[in-house]
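Here's the structure, in structure tokens; my notes come after.
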Amino acid sequence: EEFWDRKFEEVMMESVKLRVEENSVPFPNEKSSNGGVGVLFSGGVDSAVLAALADRCLPPNQVLDLFTVHFNIKAAKDQSRDRALAIRSWKEIRNASKSNRKINLVIIDVDEETI
């Protein structure tokens, strides 16, 4: 069982590392040459694991942005619970990080009229 745990982590880490390296490009007008990396972040298990792995793959001086989108739709339920989960997961990832990297939670609100 320990073998498969390590193998799974190894495969996931390699997959995230490959994507981070491919998608890490400098932003125009950015003073440093460090590109930005972002994760579409709900705060659920899948996005939290990807964010944590990205944190481990990036150079320590590179920023990691976690984008969470909140749709302000009157008919939608549990929106505040979803936002709270994203914030809680972001804090857990920041606290667990072994780097001093800046990990931003970028909150995006989308109104019903915009959709």
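Annotation: the span from K102 atom NZ to D65 atom CG amounts to 9.0 Å, rounded to 0.5 Å. Atoms CG and CD1, on D82 and I87 in that order, are 11.0 Å from each other to the nearest 0.5 Å.
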Let me check something: any side-chain donor-acceptor pairs from residues 9-18 under 3.5 Å, sequence neighbours excluded? List them with distances.
| unit_1 | atom_1 | unit_2 | atom_2 | d |
| --- | --- | --- | --- | --- |
| E9 | OE2 | R56 | NH1 | 3.0 |
| E9 | OE2 | R56 | NH2 | 2.9 |
| S15 | OG | R19 | NH1 | 2.9 |

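Side-chain atoms of R101 come within 3.5 Å of backbone N or O of Q62 as a donor-acceptor pair. No donor-acceptor pair closer than 3.5 Å links the side chain of R94 to the backbone N or O of I103.
Listed by chain and number, the residues in a side chain to side chain contact (heavy atoms under 4.5 Å, CB included) with A48 are F41, I93 (sequence neighbours excluded).
Counting Ile, Leu, Val, Met, Phe, Trp and Tyr side chains that sit under 4.5 Å apart, directly or through other members, W4 shares a hydrophobic cluster with F3.
Grouping the Ile, Leu, Val, Met, Phe, Trp and Tyr side chains by contacts below 4.5 angstrom, directly or via other members, places V39 with I107.
Across all their heavy atoms, L66 and A51 have their closest contact at CD2-CB, 3.6 Å. Across every non-hydrogen atom of A54 and L64, the tightest pair is CB-CD1, 4.2 Å. Scanning all heavy atoms of the two residues, the minimum distance from A86 to T68 falls at CB-OG1, 3.7 Å. The two residues S97 and S99 have their closest heavy-atom pair at OG-OG, 3.1 Å.
The closest side-chain heavy-atom distance from V63 to N104 is below 4.5 Å. Side chains of D55 and L53 form no contact here, defined as non-hydrogen atoms less than 4.5 Å apart.
Counting non-hydrogen atoms of neighbouring residues, nucleotides and ligands closer than 6.0 angstrom, the CG atom of N95 exceeds 12 such neighbours.
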